[in-house]
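Every chain is numbered from 1, with letters handed out A, B, ... down the list of sequences.
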2 protein chains.
Amino acid sequence: MSNCSTADAGSLESLRQDDYELLARLAQRYYIDEQTQEQVAREFGLSRQKAQRLLKRARQTGVVAIHIEAPTWLRLDLEGELRETFGLKEAVVSVAQAGPRADREAVAQRAARYLERHLGEGSVVAVGHGRTAGAIARFFRPVERLGATFVSAMGGSPGADAPTNPNEICRALAQRCGGWAESLYAPAYVEDAEVRSQLLAQTAVGRTLAVAAGADMALVGIGGVDDDCTMVRSGCLSREEVAWLRSQGAVGDVLGHYVDVEGRPLASPHQQRLVALPVEHLRRVGTVVAVASEPEKPAAILGILRSGVVDVLVVDETNARAVLRTAGPRPRVAIAAGRPAAADRAQGPAHRGPYQPRPEGTVATAPRTRRGTPPGPPQEVRTCP
Amino acid sequence: MSNCSTADAGSLESLRQDDYELLARLAQRYYIDEQTQEQVAREFGLSRQKAQRLLKRARQTGVVAIHIEAPTWLRLDLEGELRETFGLKEAVVSVAQAGPRADREAVAQRAARYLERHLGEGSVVAVGHGRTAGAIARFFRPVERLGATFVSAMGGSPGADAPTNPNEICRALAQRCGGWAESLYAPAYVEDAEVRSQLLAQTAVGRTLAVAAGADMALVGIGGVDDDCTMVRSGCLSREEVAWLRSQGAVGDVLGHYVDVEGRPLASPHQQRLVALPVEHLRRVGTVVAVASEPEKPAAILGILRSGVVDVLVVDETNARAVLRTAGPRPRVAIAAGRPAAADRAQGPAHRGPYQPRPEGTVATAPRTRRGTPPGPPQEVRTCP
DNA sequence: ACTACCAGTGAGCAATTGCTCAACGGCCGA
DNA sequence: TCGGCCGTTGAGCAATTGCTCACTGGTAGT
């Protein structure tokens, strides 16, 4: 998909001169002179339907070329391909920058713009961790003060890498818009499943995760499995643990939920020690926005996209190209034959991937908080005037 | 007017980056991905109306560029200008050829195409004289046999230049489509007004002119006033007579009705000796198609177009450019202030010029013959299987 | 501070467009 | 020559689009 309408069926060359002339004339009168189909039909002595069919043919054959004069820093074509390939609700690709750091900033900036456009009064956003996610707040500048709630969807990290912590990201975002932040007072990974159970039983923890489960939107980073990934840098997992995950086929994670390159969830012992919003709950969130920008991320992004948990992807150009290259030209067929085309016009807001279809009515931990009805008084709120 | 949608209001450069991005995105989703306005509006969190306004702005500013990939031998821009400038129903411009002869053939060819597209079973065409008109028949090749009637709208010429004679042209056209030809047995110019009256009183003559007056379409040549014009060559008028007309301000004629460069009809003694369909009757004809192609014709074409008698002009590129250059960029204002814009969308088939508005209900010599109801048995018919 | 103005907004409606479907006609094979 | 098939046609209807209008919120000028 490019920013130019393409000629799929038939080509300019396949037209006879007479047809070509007629098509061009009709198109000129309709598209350029802005007459109605009925008028041009009458003018050319055709029925309206015939004129309509000819006009359609004019577009198909390329007699009519519609070109979008997009800003040079937009990558509408890549965005379209990502959307199509992975059935995303939206994809935002930031143009390639000089280095990884600049790429991260660019992605963060675009993510901030996305949030600004899509958050409303009373929105609730579940937030994950990550360097890219952590960079968003600096660019986040909604026009008006926004009564939005940012809630941690994942435990914190023991390491000192503060700005990549969900709690910290929530606080920063809330501050920028005069909203609320609700922290999750728990580490991302605890000792064992039992501690986890106890922790989840705590009102403070359980409640926060319930609020996160009822969010309108989720903002998550896509994590990798390299030795320098966020999990390792922040001290959540050891290098060895990540290496083990890698050996099991893991390519990346969202909120600590690892998947393989095909997007299949990875059952691992770490899962039992994770304090984060479960995937099933994440899937219930209306719009899951994933950000990714580091190098060495294509496999992670590909796996996560294939898992179908993501609705909106914000990514840098390099990763976008790499992901699409790896996914191949027509991966929809390869991954899940018969999946309805993403371009399905009558489609609702679903856009869910093929794996782990959302368990209808299985869990409804928290009442779905909608715009205009802010959640009950969060335990930990900060209002920033 | 070109074959590319133009950016009138505002420009690409005047847009802020954010607006530009939004416009481009919307346009991409709407024009390229073919979503509905409602869908893109929902996708971007806008009201449908707002999306519509933005899309309109996208076209105005040139974010959306619609280009018609016209055949190289089409001059849609010139045709559009002619249509606009002179309020024509249609204009056909043939691409410039190597010489006058080739130009004439090209115009004839395009005129033939026009006739083929617009004539139907039972059509009645009033026909004038001229070299270009005479060249049409050779290219006239309707797909099916066509029960059309071609009727002379003007007397013949004494000279031997047969193929430019109305009767001859009618016969040739009728032959090509298996229709009928109705001849006018009279010279174009007679001795004096009295002879003319006697001639018109003849059933054969009066009847033919009546049929011509009831035609659906007229096919006329635009004549010049140079020493080598059709009138002179065919022997209808002497070189001196034409010189005299020229001295009176005449620039050209249609069916022997001369006009000055402003399109005003020229009262001349020759008028009293002319055996042809009167201008008032010609104006009553639904579609007056004028063909012109010789060099030295721009002034003639300009005058005739300004007279408003012509609905459709078929002309060569060189003359077209010359006429437009002479007419100036906004001649509508100069000629007749307040004349309704030709682009008036709700406009009916009128398209009449400002001079000599059609005298409603003054003359109705012959019942208006419509498609499907062929005229009564013409006196002189030739059927060609 | 008040008021007039004006650009921008969305509801509601009319016009336009796109789609489906039955009917038609031409073409090929029997 | 006949019958079936496929592509084309236009009617009718549903969806989409464009437009008008009353209203709002912000702005600039008393």
Side-chain angles (χ1 to χ4, degrees), chain A residues 5 8-10 14-16 18-19 22-23 26-61 63-64 66 116-118 120-121 142-146 341 343-348 371-372, chain B residues 5 8-10 14-16 18-20 22-23 25-61 63-64 66 116-118 120-121 142-146 341 343-348 371-372:
Chain A
S5 68
D8 321 19
S14 71
L15 291 170
R16 285 186 309 106
D18 279 8
D19 290 348
L22 182 59
L23 257 46
L26 279 169
Q28 171 87 9
R29 296 301 271 152
Y30 183 68
Y31 287 103
I32 310 298
D33 303 349
E34 301 195 317
Q35 300 223 308
T36 67
Q37 294 181 351
E38 188 139 12
Q39 281 180 308
V40 299
R42 226 178 315 134
E43 190 173 318
F44 287 81
L46 308 164
S47 73
R48 187 179 68 75
Q49 287 90 336
K50 176 133 200 196
Q52 187 170 73
R53 283 180 190 118
L54 289 171
L55 284 169
K56 193 189 282 179
R57 206 148 77 85
R59 283 200 65 172
Q60 286 172 339
T61 51
V63 172
V64 176
I66 301 184
E116 288 159 14
R117 266 215 295 277
H118 289 266
E121 192 62 26
V143 256
E144 343 110 74
R145 302 276 103 183
L146 199 64
D344 194 358
R345 294 189 87 187
Q347 194 59 3
R371 289 189 174 193
Chain B
S5 69
D8 321 21
S14 70
L15 291 171
R16 286 187 307 106
D18 280 9
D19 290 348
Y20 194 172
L22 181 60
L23 256 47
R25 269 181 201 292
L26 279 168
Q28 172 86 9
R29 295 301 270 153
Y30 182 68
Y31 287 103
I32 311 299
D33 303 348
E34 301 196 316
Q35 302 222 302
T36 68
Q37 293 182 352
E38 187 140 12
Q39 281 178 308
V40 299
R42 228 179 313 135
E43 190 174 318
F44 287 81
L46 307 165
S47 74
R48 185 179 69 76
Q49 287 90 339
K50 175 132 200 197
Q52 186 169 73
R53 283 179 190 118
L54 289 172
L55 284 169
K56 193 188 283 176
R57 205 149 76 87
R59 284 200 66 172
Q60 286 174 339
T61 52
V63 173
V64 176
I66 301 184
E116 287 159 12
R117 266 216 294 280
H118 290 266
E121 192 63 27
V143 258
E144 342 110 73
R145 303 276 102 181
L146 199 63
D344 194 358
R345 294 188 86 186
Q347 194 60 3
R371 289 187 174 196

- Query: R59(B) and Y31(B): which non-hydrogen atoms are nearest, and at how many Å?
  - Reply: CD-OH, 3.0 Å

- Can you tell me how far P of dA15(C) sits from OH of Y30(A), to the nearest Å? 17 Å

- Query: dT17(D), dG12(D), dG18(C): which one has an atom nearest the side-chain heavy atoms of Q49(A)?
  - Reply: dG12(D)

- Message: So, using salt bridge (charged side-chain N to carboxylate O under 4.0 Å, His left out) as the criterion, who are the partners of E43(A) when residues are at least two apart?
- Response: R29(A)

- Task: Return the minimal non-hydrogen interatomic distance between A27(A) and V64(A), and the atom names on each side.
- Result: CB-CG2, 3.3 Å

- Message: As a test of reading the structure: which of dT17(D), dA11(D), dG18(C) is closest to the side chain of Q52(A), going by heavy atoms?
- Response: dG18(C)

- Task: Send over the distance from Q35(A) CD to dG18(D) C1', rounded to a whole Å.
- Result: 16 Å

- Compare side-chain N and O positions of K56(B) against OP1 and OP2 of dC19(D) and report whether any pair is under 4.0 Å apart. yes

For nucleotides 6-9 of chain C, give me every protein contact, N/O to N/O, under 3.5 Å, one pair per line with atom names.
residue, atom, partner, partner atom, Å
dT9(C), OP1, K50(B), NZ, 2.7

- Task: Please report, rounded to the nearest Å, how far the P atom of dT16(C) is from the CG atom of L55(A).
- Result: 15 Å

- Residue R48(B), side-chain atoms from C-beta onward, closest of dG18(C), dT16(C), dG12(C): dG12(C)

- Item | Q37(A) CD to R42(A) CZ distance, which is reported to the nearest 0.5 Å | 13.0 Å

- Where V40(A) and A51(A) come nearest, the two heavy atoms and their spacing: CG2-CB, 4.5 Å

